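Have a look at the structure below before the remarks.
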Amino acid sequence: MYAAVAHSTILYLQALMTVTAEDARTASKALRETQSLCGKRCRGRFSRSKRTEEQVHAELCYAECGLMLSALVLSEDPGLTALVKAGIRFKSSHSTYQTCLNILRDREWSCPELKGHFESGVRLGIGSFNLIFSCVPAKHAKYLSIVGFSGVSKVGHAALLSGGTLGALRSVLCSLVLIGWETYGKIVLGCGICDVDDATEMLIPLLEQYPNGAIVLFLCGRVAQLKGQFAEALEYFKRSMEAQTEWKQYQHLCVWESMWCHCFTMDYMKASELAYYLYKENQWSKTTYAYLTASFLLMLGLDEATIGGEKVTVSAMMGEVLARKQRVAGQSLPPEKLAEKRFKRYVDQNKDLIFPAFEFIYFTAGMSALVSRPDIVQDLLSLLDGNLAEIKRATSTKDRKRIHVDSIHTINFLRGICLSYLNKVDDACAVLNEIIDSDKSIVDDKFLPPHAAMEIAHLKLRTDDLSGALQYCMKALSFKTYFMQAKLELRIAATIELIEEREEALSGRPPLEKTSSNDAGDFYTPPSSPEPDI
């Protein structure tokens with residue numbers, strides 16, 4: 001049974017990396033067969049406490065297969081029907097994990113080792129679900145709670161942290177998920193503030209145990225990147241690629257992060273080479289790779305360059321932006337939407353864009369890697385100030401380029417980010433407030449004012465002005481119908497939660513949930529599940 005689960009999981013990961021229909025079908029078939037096998041072994045007309053140890057492990061494996069299948073359904077068919085099917089499978093997996101949680105609480109185990117393996121799997125599932133559902137904004141969370149979906153980030157963190165210390169079958173997975181959450185989840189789906197030191201501490205034993213582990217080396221590179229140690233990060237990504245060569249798509253993840261390391265250090269030529277390599281070799285998003293190749297060349301002030309022995313022009317890459325668009329689950333990808341917007345701006349501005357690379361990285365994944373590198377931030381700020389001054393001088397000449405008014409607001413927005421990273425709080429707030437006040441004069445980039453409000457909220461949070469931070473969170477929420485609204489609202493919800501936690505700490509109120517270590521009763525139980533007798 002576990003061999004079948006392992007085989008299906010490998011096929012599942014391969015399908016996620018290749019993003020091809022054939023691999024998705026192969027993985028989906030394997031997962032369904034494995035889930036059917038688990039289902040036959042875990043069902044019976046008896047109470048949870050009387051099930052054999054094989055049967056309870058089959059229940060856990062059934063939940064894991066269901067969770068992976070819910071993601072693959074969308075890969076096979078991006079339509080509405082598939083979305084409904086994925087939701088049903090997701091709910092079924094969630095319910096099965098709750099059953100496993102109750103088994104863990106109620107059962108008397110004869111073998112401590114098997115209990116540890118089972119518990120690590122339960123903590124992995126329950127912890128992951130708590131983290132996922134903790135990201136849902138409050139206005140949506142109340143509807144999800146009706147059908148039993150709810151989560152608390154602290155509880156999810158505690159469950160995964162405890163599962164990682166059990167030394168059991170899924171303990172390494174618990175640690176990897178938690179590190180991934182710290183280094184990606186909190187930045188992309190959360191408030192943007194991650195605990196890099198915590199991630200570093202969790203990586204130390206993993207690196208000792210798996211010194212040549214591709215995933216461990218990749219996460220070490222990501223942590224180094226977030227610390228602003230870009231040379232060290234590049235070395236880790238290189239070692240990660242060398243650790244395995246069978247899955248090219250995994251290597252492309254390393255190339256993607258390496259590309260941003262070069263961008264942060266302003267080595268735009270190398271960044272453009274890596275972006276073009278991804279455009280040629282990877283199938284995830286040709287539109288994004290084409291746009292980034294063009295963006296890096298524009299950052300160098302070039303219209304064309306020779307990359308890998310090929311002549312690459314900005315106009316040709318921009319032409320690919322619209323030609324290569326795709327839809328996933330019936331929706332366009334946010335990076336591709338941004339690329340499409342900037343293609344139109346590129347045409348309007350006589351084939352020019354203003355700092356497109358840094359704008360892209362901020363709005364898709366954040367620029368937090370620069371927080372600990374004031375030297376690079378100062379250089380970037382100087383370039384932005386110089387560019388802004390040049391535009392203002394050009395406005396008085398008849399032969400000036402057509403500069404879109406929103407491009408000036410974009411420059412000021414990036415200036416505000418740089419000033420905040422340099423701890424020039426008053427200057428940053430002044431620049432960002434100017435963008436908020438210019439909402440009516442902004443033509444296309446209506447997403448700038450709400451993002452500016454959120455940046456001020458984080459500045460207020462950094463200076464312990466909790467009421468001011470909450471005020472600007474509410475200000476950001478007041479904006480409606482703009483690009484990437486859902487993503488920003490996730491960040492707003494996470495920031496408000498952080499503000500409330502700090503207010504509770506200052507008032508001396510006890511936390512709402514337990515965060516202690518190894519008792520199974522520490523898990524958060526959604527409303528749909530019965531409260532355990534402890």
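Just so it is clear, the values below take in all heavy atoms, side chains as well, and ignore hydrogens, waters and symmetry mates. Just so it is clear, the model here is predicted, and its values are computed rather than measured.
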If we ignore angles and hydrogens, is there a donor and acceptor under 3.5 Å between the side chains of [X] and [Y]?
| X | Y | value |
| --- | --- | --- |
| R32 | S36 | no |
| E59 | Q55 | no |
| Y472 | H458 | no |

| From CA spacing to verdict: side chain to side chain donor-acceptor pair (under 3.5 Å), Q251, T245 | CA-CA 8 Å; Q251 292 185 317; T245 57; 5.7 Å; no
Minimum heavy-atom separation for [X] and [Y], please, with both atom names.
| X | Y | value |
| --- | --- | --- |
| C263 | F358 | O-CZ, 3.6 Å |
| A233 | C261 | CB-SG, 3.9 Å |
| Y236 | A224 | CD1-CB, 4.5 Å |
| L178 | H157 | CD1-CD2, 3.5 Å |
| Y421 | V371 | CE2-CG2, 3.7 Å |
| S420 | R462 | O-NH1, 2.7 Å |

Is a side-chain N or O of [X] found less than 3.5 angstrom from the main chain of [Y], in a donor-acceptor match?
| X | Y | answer |
| --- | --- | --- |
| S28 | R25 | no |
| S120 | G163 | no |
| Y184 | I179 | no |
| H117 | L169 | yes |
| S240 | F237 | no |
| Q485 | T481 | yes |
| Q35 | Y62 | yes |
| T34 | S8 | no |
| R239 | G213 | no |

Would you give the length of the straight line joining atom [atom1] of [X] to atom [atom2] of [Y], rounded to the nearest 0.5 angstrom?
| X | Y | atom1 | atom2 | value |
| --- | --- | --- | --- | --- |
| L370 | I417 | CG | CD1 | 11.0 Å |
| L101 | T96 | CG | OG1 | 12.5 Å |
| F218 | L253 | CZ | CG | 5.0 Å |
| L477 | I492 | CG | CD1 | 4.0 Å |
| D464 | L506 | CG | CG | 7.5 Å |
| Q244 | C254 | CD | SG | 8.0 Å |

Less than 4.5 Å apart, side chain to side chain, heavy atoms only: is that true for [X] and [Y]?
| X | Y | result |
| --- | --- | --- |
| R491 | K487 | no |
| T287 | Q326 | no |
| I499 | R502 | no |
| S175 | L206 | yes |
| W256 | W284 | no |
| E33 | L37 | no |
| F363 | F483 | no |
| F230 | W260 | no |

Around atom [atom1] of [X], are there more than 12 heavy atoms from other residues, nucleotides or ligands closer than 6.0 Å?
| X | atom1 | result |
| --- | --- | --- |
| I215 | CD1 | no |
| E113 | CD | no |
| K115 | NZ | no |

| field | Chi angles and distances behind the side-chain contact (heavy atoms from CB on, under 4.5 Å) call for C100, V56 | value | CA-CA 7 Å; C100 292; V56 298; over 6 Å; no
| request: Would you sort out whether L131 and L160 count as a side-chain contact (heavy atoms from CB on, under 4.5 Å), showing the intermediate values? | output: CA-CA 10 Å; L131 291 181; L160 290 168; 3.4 Å; yes
| task | Please list, chain by chain and in numerical order, all residues satisfying side chain to side chain donor-acceptor pair (under 3.5 Å) with S258, sequence neighbours excluded. | result |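 With sequence neighbours excluded, S258 shows a side chain to side chain donor-acceptor pair (under 3.5 Å) to no residue whatsoever.
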Hey, are [X] and [Y] close enough for a salt bridge, meaning a charged N less than 4.0 Å from a carboxylate O?
| X | Y | value |
| --- | --- | --- |
| R123 | E119 | yes |
| E281 | K248 | no |
| K460 | E455 | no |

| said: Assess the residue pair S110 and E53 against the criterion (side chain to side chain donor-acceptor pair (under 3.5 Å)); give the C-alpha distance rounded to whole Å, side-chain angles, the decisive distance to 0.1 Å, and a yes or no. | reply: CA-CA 9 Å; S110 60; E53 290 178 344; 2.9 Å; yes
| task | Please confirm whether F118 and W109 have ring centers closer than 6.0 angstrom. | result |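 F118 vs W109: aromatic centres under 6.0 Å.
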| Step by step, would you call Y279 with R324 a side-chain contact (heavy atoms from CB on, under 4.5 Å)? | CA-CA 10 Å; Y279 169 76; R324 299 284 191 161; 3.9 Å; yes
| Hey, mind stepping through Y12 and L67 against side-chain contact (heavy atoms from CB on, under 4.5 Å) and telling me if it holds? | CA-CA 11 Å; Y12 166 76; L67 185 58; over 6 Å; no
| message | Between S153 and E497, is the side chain to side chain donor-acceptor pair (under 3.5 Å) condition met? List the steps. | response | CA-CA 10 Å; S153 59; E497 181 182 350; 3.1 Å; yes
| request: Determine which pairs satisfy salt bridge (Lys or Arg N to Asp or Glu O under 4.0 Å) with at least one residue from residues 193-206, sequence neighbours left out, and list them in order. | output: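 Pairs touching residues 193-206 that pass the test: none.
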| field | Of all pairs that satisfy salt bridge (Lys or Arg N to Asp or Glu O under 4.0 Å), the ones with a partner from residues 168-185, not counting sequence neighbours | value |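 As it turns out, the salt bridge (Lys or Arg N to Asp or Glu O under 4.0 Å) pairs with a partner in residues 168-185, which skip direct neighbours, are E64-R170, E182-K186.
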